[in-house]
Amino acid sequence: MNNEQYLEVYRHSLSHILAKAVIEIFGAENVQYAIGPQISDGFYYDFLLPRTITEDDFPAIENKMREILKRREDWKRDEVSKEEALELFKGQKYKTEIIEELEDGETISIYHTGDDFVDLCRGPHVNNSQELMGAAFKIRQASGAYWRGDEKRDMLQRIYVYAFPNQQELKAHLAFIKEALERDHKKIGTQLDLFMFSDTAPGMPYWLPRGWKLYNALMKFSRDLQDRHGYQEISAPLINYKKLWVISGHWAHYQNNMFLVPGTDWTPNADDMMAAKPMNCPNAMMTYKRTNHSYKELPIRYSEMDVIHRKEKSGQMNGLFRVQEFRQDDDHTFVSEDLIESEVADIISIADTIYSAFGLTYRAELSTRPDDFMGDIEVWNKAESILKEILNKRYGEGNYEINEGDGAFYGPKIDLQIRDALGREWQCGTIQLDFQLPHNFELTYTDKDGSMKEPIVIHRALYGSFERFIGIIIEHLKGRFPFWLNPYQVAIVPIRTEHNDYAKEIEEALTDAGIRVEADYQDKHMNEKLKFFRNMMDPYVLVVGDKERENRTVSVTVRGVKTQLHDVPLDRFIEICKKQNKERNLELISEI
RNA sequence: GCUGAUGUAGCUCAGUCGGUAGAGCACUUCAUUGGUAAUGAAGAGGUUCAUGAGUUCGAUUCUCAUCAUCAGCUCCA
């Protein structure tokens, strides 16, 4: 049995033990037990219980589980008919629902654990509880979860349990969780003074001086790349009259997520009602539509970094990961069908450049035509096959996932899932074909033969949103940003105030070279100044005193390196900085 | 929106079994002229413990509501 099967059997079996323990604690007549699948770090089980489980209940449940294991009960598999199963699980509404959905005549497998507990299950399981005694488990938390993941149905109590084959692996996992907590972007964001929130504007970050420098560096990176790839940046209104949203379809389908701005008479639904844009697309369509276009102009790439607003239900916000006001590195590229392939390939090459600059890897997913698709099925088929071809070329056949029927109603899409230092995946990049909006806005171009054609729009974002992406890289890099990105790139510590003049000279020279630099000219101990800059994780901290001033050198403390570099010529240091800004290296140069 | 928890000085947190709050860091002043992660001493800082009601002689501490945040669920960039 390999490790994966082992985990499956053990976690699966342990979830039955959890259910049995909960039933013994609360009494069989008081517990409705639903399902208990395994997950990446253990398993959970959903229950309907007479009262809420709290952390104080965990030890009792864990102890009961251990007590049950010690009984060394045999596990017995049985096969029963649908009727027998319904009888066996009489009074258990969730089990009954599951059984009723099975085909008539299907044999149903059930597992007995000892004489007094039975659960519906495909298995496989251990033969005797004894086999589970070496396994390590720990209740993680209890929380609410909807039956069948449907918010209109019962809210059950889900008990999450970490489960591993042995104590060492459990310990290692708990250490991993702790590490993730230390990397929490909300925590590091406060420490590094990057951003804050106010309850007067939930989910709308304030970017503080340091954070805004980083944000700008990130925008610059994107703009530099896009310039090289023939993009033209535009900026458009943040609020538009209802009229625009009616054309785009947002008024009908997205109104609940839009911040509305009442007109003069405050009448809901009045024509002078405005709405803050939740997406940039409609205004990009308007921009295209302002004039006639020839096939010779295509592709037209309108990139856009405006702020957008999306109203979220309470409880959906989460630091920078989920906000109500954010900025996308958005673009709408207008193409003819024959340009899709080269254009998408180019976008993927930009994605490679961006993600590798942060040391992030990613994988691609293709989502294809859904049942409620709009447009011409021939165009869909063609587009999908083009996208597949690109993905095959770039990643190799079978090296990307295909989500059949998961595309948007307006076109197929490629999503890029990035993977961070802790192995967590995030959906950031997305490349979507759209046959619908150009149609709604009646966009055209004149083709070679003089006929009017409808362009296809490629929507794409690679950071996704700057806010979410910054959150991800804070956690991925633990706040240790590469040189080109850090809010301040160099900090200067004059040892005594008499060294301030030389320090100012250095500051000016670095600033001239396009380096973001900060210095502390106060009359206080150098250690105090050092401490601040190091806490802020500035990549290089320069210490200057008599010796440096005399020789026109600097002493460099490299972030993350214990020993200092002395007698570094100032000019040499500036060159190193310029080089790193230009090349956007991920790692700091620590040998100068 | 749902389940649960949390909300005390700029930050991290302690505390009051109901009698008008405390520590460390940060901040200010003075002394220290200092060579690589916390020099010493003194001081200030909370419209009084998210907001609003209620119970009480009295509430930061109890009850309810609201807001915000966090962990899940659902939905999403």
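Everything numeric here is computed off the predicted structure, so don't read it as measured data.
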Inset, instruction - Verify side chain to side chain donor-acceptor pair (under 3.5 Å) between A:S143 and A:Q141, making sure each step is shown before the conclusion. - result: CA-CA 7 Å; A:S143 71; A:Q141 68 167 165; 4.6 Å; no
Inset, instruction - Could you check whether the rings of A:H332 and A:H459 sit parallel, tilted or perpendicular, using 30° and 60° as the cut-offs? - result: perpendicular
Inset, instruction - With pairs defined as Watson-Crick or G-U wobble and both distances under 3.5 angstrom, please note down RNA chain B as a dot-bracket string, | for pairing with another strand. - result: (((((((..((((.....[..)))).(((((.......)))))......(((((..]....))))))))))))....
Please list, pair by pair, any protein nitrogen or oxygen found under 3.5 Å from a nitrogen or oxygen in nucleotides 11-15 of chain B.
none

Inset, instruction - Taking the six-membered ring for Trp and the single ring otherwise, decide whether the centroids of A:F47 and A:Y45 are under 6.0 Å apart. - result: yes
Inset, instruction - Examine A:R223 relative to A:Y231 and say whether NZ or CZ is less than 6.0 Å from the centre of the six-membered ring and inside a 45° cone about the ring axis. - result: no
Inset, instruction - Please examine the side chains of A:I472 and A:F321, heavy atoms only from C-beta on, and report whether any two atoms are closer than 4.5 Å. - result: yes
Inset, instruction - Would you mind building the protein contact string for nucleotides 69-77 of chain B? One character per nucleotide, 5' to 3', B for base within reach (heavy atoms under 4.0 Å), S for sugar-phosphate only, - for untouched. - result: SSSBBBBBB
Legend entry - All salt bridge (Lys or Arg N to Asp or Glu O under 4.0 Å) counterparts of A:K478, not counting sequence neighbours: A:E179
Legend entry - Identified side chain to side chain donor-acceptor pair (under 3.5 Å) partner of A:E475 from the options A:R424, A:K187, A:R183: A:R424
Inset, instruction - Taking only heavy atoms on the protein side, list every residue of residues 33-57 of chain A lying under 4.0 Å from any atom of RNA chain B, sorted numerically. - result: A:T52
Inset, instruction - Report yes or no: is the cationic atom of A:R327 (NZ for Lys, CZ for Arg) under 6.0 Å from the centre of the six-membered ring of A:F466, at an angle within 45° of the ring normal? - result: no
Legend entry - Reading 5' to 3' through nucleotides 34-53 of chain B, protein heavy-atom contacts under 4.0 Å coded B for base, S for sugar-phosphate only, - for none: BBBBB---------------
Inset, instruction - For B:G24 versus B:A5, give the span between their P atoms, rounded off to a whole number of Å. - result: 33 Å
Inset, instruction - Rounded to whole angstrom, note down the P distance from B:G22 over to B:C17. - result: 15 Å
